[in-house]
Amino acid sequence: QVQLAESGGGSVQAGGSLRLSCAASGRTFDSYVMGWFRQAPGKERDFVAAISRMGSGTTLSDSVKGRFTISRDNARNRVYLQMNSLKPEDTAVYYCAAVWSVILRTVQSEYDFWGQGTQVTVSS
């Protein structure tokens, strides 16, 4: 069982930056692929980024490539999402998720554990 808690959301103007953090419970954090998803009002939850167990591999959605970076610190049981050059269309609730896997996962139904989410609002 893994419990996840996101932090770092907030309001920012377009072009600004935010760094989201996700703290995970448990002693086997490095057994899990970690992902970030987001859900805008009235829309489905979409994949944003994922990182492999040791952090050597990452994948990002086309909409955030070149602007967002995912990283993790297994010693601290944390995964991060650095968001730069934010746009109003990045406004959403951002969720951290975990799945026991040896390969990167990009589909939300493949993830087993979810945080409560943190709101990110980008104004123009």
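For the atom pair T59 OG1 and I70 CD1, the distance stands at 9.5 Å (nearest 0.5 Å). Within the model, atoms OG1 of T69 and CE of M83 stand 11.0 Å from one another, a figure rounded to the nearest 0.5 Å. One finds the OG atom of S52 at 11.5 Å from the CD1 atom of I103 (value rounded to the nearest 0.5 Å). Note that OG of S61 and CH2 of W36 are 14.0 Å apart. Values are rounded to the nearest 0.5 Å. A distance of 8.0 Å separates CG in D112 from OH in Y32, rounded to the nearest 0.5 Å. From S124, atom OG reaches atom CD of Q13 across 9.0 Å, with rounding to the nearest 0.5 Å.
Side chains of V33 and Y111 form a contact here, defined as non-hydrogen atoms less than 4.5 Å apart. Between V79 and C96, the closest side-chain pair of non-hydrogen atoms falls below 4.5 Å. Using a 4.5 Å heavy-atom cutoff, the side chains of T91 and Q119 are in contact.
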**Study point:** R38/D90 under side-chain contact (heavy atoms from CB on, under 4.5 Å): CA gap, chis, key distance, verdict
**Key:** CA-CA 9 Å; R38 67 185 182 185; D90 295 318; 2.9 Å; yes
Review point. Does the side-chain contact (heavy atoms from CB on, under 4.5 Å) test come out yes or no for F29 and V2, once each step is laid out?
Key: CA-CA 8 Å; F29 180 68; V2 177; 5.7 Å; no
Check your understanding: Would L4 and M34 satisfy side-chain contact (heavy atoms from CB on, under 4.5 Å), going step by step from the backbone distance to the final call?
Key -> CA-CA 10 Å; L4 304 172; M34 300 298 297; 3.9 Å; yes
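Here the side chain of N74 pairs no donor or acceptor atom with the backbone of M54 at under 3.5 angstrom. Judged purely by atom type and a 3.5 angstrom limit, E6 uses its side chain to pair as donor or acceptor with the backbone of G117. S85 places no side-chain N or O within donor-acceptor distance of the main-chain N or O of R67, the cut-off being under 3.5 Å.
Contact check on D62 versus K65 returns a salt bridge, with a Lys/Arg side-chain nitrogen under 4.0 Å from an Asp/Glu carboxylate oxygen. Contact check on D30 versus R72 returns no salt bridge, with no Lys/Arg side-chain nitrogen under 4.0 Å from an Asp/Glu carboxylate oxygen.
Between Q82 and S17 the shortest heavy-atom distance is NE2-CB, 4.0 Å. Minimum interatomic distance between L104 and G57 (heavy atoms only, all atoms of both residues): CD2-O, 3.9 Å. Nearest heavy-atom pair across Q39 and K43 is NE2-O, 3.0 Å. Shown here for P88 and S123, the closest heavy-atom pair between the two residues is CG-C, 4.5 Å.
Put simply, L81 and F113 are part of the same group of oily side chains (I, L, V, M, F, W, Y) that touch within less than 4.5 Å, one to the next. Under the 4.5 Å side-chain heavy-atom criterion for grouping Ile, Leu, Val, Met, Phe, Trp and Tyr, I51 is not connected to V99 through any hydrophobic cluster. If you chain together hydrophobic residues whose side chains sit under 4.5 Å apart, V107 and W100 never meet in one group. Criterion: ILVMFWY side-chain heavy atoms under 4.5 Å apart, direct or through other members. Under it, L18 and V64 are part of a common hydrophobic cluster. Residues L60 and F47 do not share a hydrophobic cluster, clusters being chains of Ile/Leu/Val/Met/Phe/Trp/Tyr side chains in contact below 4.5 Å.
Around the CD atom of Q3, the shell of radius 6.0 Å holds no more than 12 heavy atoms that belong to other residues, nucleotides or ligands.
With a 6.0 Å cutoff to the six-membered ring centre and a 45° limit on the axis angle, R19 counts as a cation-pi contact of Y80.
Relative orientation of the Y94 and F68 rings is tilted, given thresholds of 30° and 60° on the angle between their planes. Relative orientation of the Y95 and W114 rings is perpendicular, given thresholds of 30° and 60° on the angle between their planes.
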